[in-house]
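Structure record follows, encoded as structure tokens.
Note that the structure is a prediction, hence the values are computed from the model and not measured. Counting begins at 1 with the first residue of the sequence.
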Amino acid sequence: LAAMRQAHLALSSLGTSAQAPSATYISTTVSGNAVTVCWLGDSRAYWLSTESDSERLTTDDSLAEEMVTHGDLTEAQAMASPQAHVITRWLGADVAEPQAHVVRFEPPGRGVVLVCSDGLWNYRPDAAGLAKLALPDALNDPLGAASDMVRFAIEAGGMDNITVVLAPFPLVRPAP
């Protein structure tokens, strides 16, 4: 949460609420036995694995997610809505006190944590589909697999910023 607060202060210092930029936020800490994710907005974290079920670790702070949660629309209907990507939480001078989510996940075995922006997940939102794109390459070459995922998003349309970070789990320490 401290990093999120610092990011919020940095954005807020760039101008008044009418002029300052705003941003979504996501951070992930991978430790020896768990993954902790802090976020607000619609950037996502996923657990990708071939040994267990892949799953989304975050929920979006968006009108689409709220419409689905309240039972107003199905996920497909909400994502087709013009308001699908209207976010309900963000960082910036126009937010007095940002309210981030924090979740801790204990991976059931070997896999990869994916952190990404909607520039990727718009084209492949389901965890199983993202796992097929990333694995098994991401276990041993996370940078190469991330580059392949960015290339996939660009070729699929590339209509938004594309951010992809892959972190293999468990952590492997390089030999001295």
- Does Asp141 reach the main-chain N or O of Asp137 with its side chain, forming a donor-acceptor pair under 3.5 Å? no
- Item | Under 3.5 Å side-chain donor-acceptor pair for Ser43 and Thr24 | yes
- Inter-residue atom distance Thr50.OG1 - Lys132.NZ, 0.5 Å rounding: 12.5 Å
- Item | Stepwise side chain to side chain contact (heavy atoms under 4.5 Å, CB included) test for Arg110 and Leu139 | CA-CA 8 Å; Arg110 191 169 186 231; Leu139 293 166; 3.6 Å; yes
- Residues, nucleotides or ligands: over 12 heavy atoms within 6.0 Å of Asn33 CG: yes
- Pick one: which of Leu114, Asn161, Thr163 meets side-chain contact (heavy atoms from CB on, under 4.5 Å) with Leu120? Leu114
- Say whether Thr74 and Gln77, considering side chains only, have a donor N or O and an acceptor N or O under 3.5 Å apart. yes
- Query: With distance as the sole test, does Trp121 use its side chain to make a donor-acceptor pair with the main-chain N or O of Ala45 at under 3.5 Å?
  - Reply: no
- Short question: side chain of Asp160, backbone of Gly119 - any donor-acceptor pair under 3.5 Å? no
- With a 4.0 Å cut-off, would you call Glu55 and Arg44 a salt bridge? no
- Compute whether any side-chain donor of one residue and acceptor of the other, for His85 and Asp60, lie under 3.5 angstrom apart. no
- Evaluate the criterion side chain to side chain contact (heavy atoms under 4.5 Å, CB included) for residue pair Arg89 and His101; output intermediate values, then yes/no. CA-CA 10 Å; Arg89 293 186 191 189; His101 309 271; 3.2 Å; yes
- Task: Decide whether Ser81 and Gln83 meet the rule of one side-chain donor and one side-chain acceptor closer than 3.5 Å.
- Result: yes
- Using the six-membered ring wherever Trp is involved, compare the ring planes of Trp47 and Phe105 and label them parallel, tilted or perpendicular (cut-offs 30° and 60°). tilted
- Message: Looking at Tyr123 and Gly158, would you say the former's side chain and the latter's main chain have a donor-acceptor pair under 3.5 Å?
- Response: yes
- Message: Tell me whether Val35 shares a hydrophobic cluster with Met4, the cluster being built from Ile, Leu, Val, Met, Phe, Trp, Tyr side chains joined at under 4.5 Å.
- Response: no
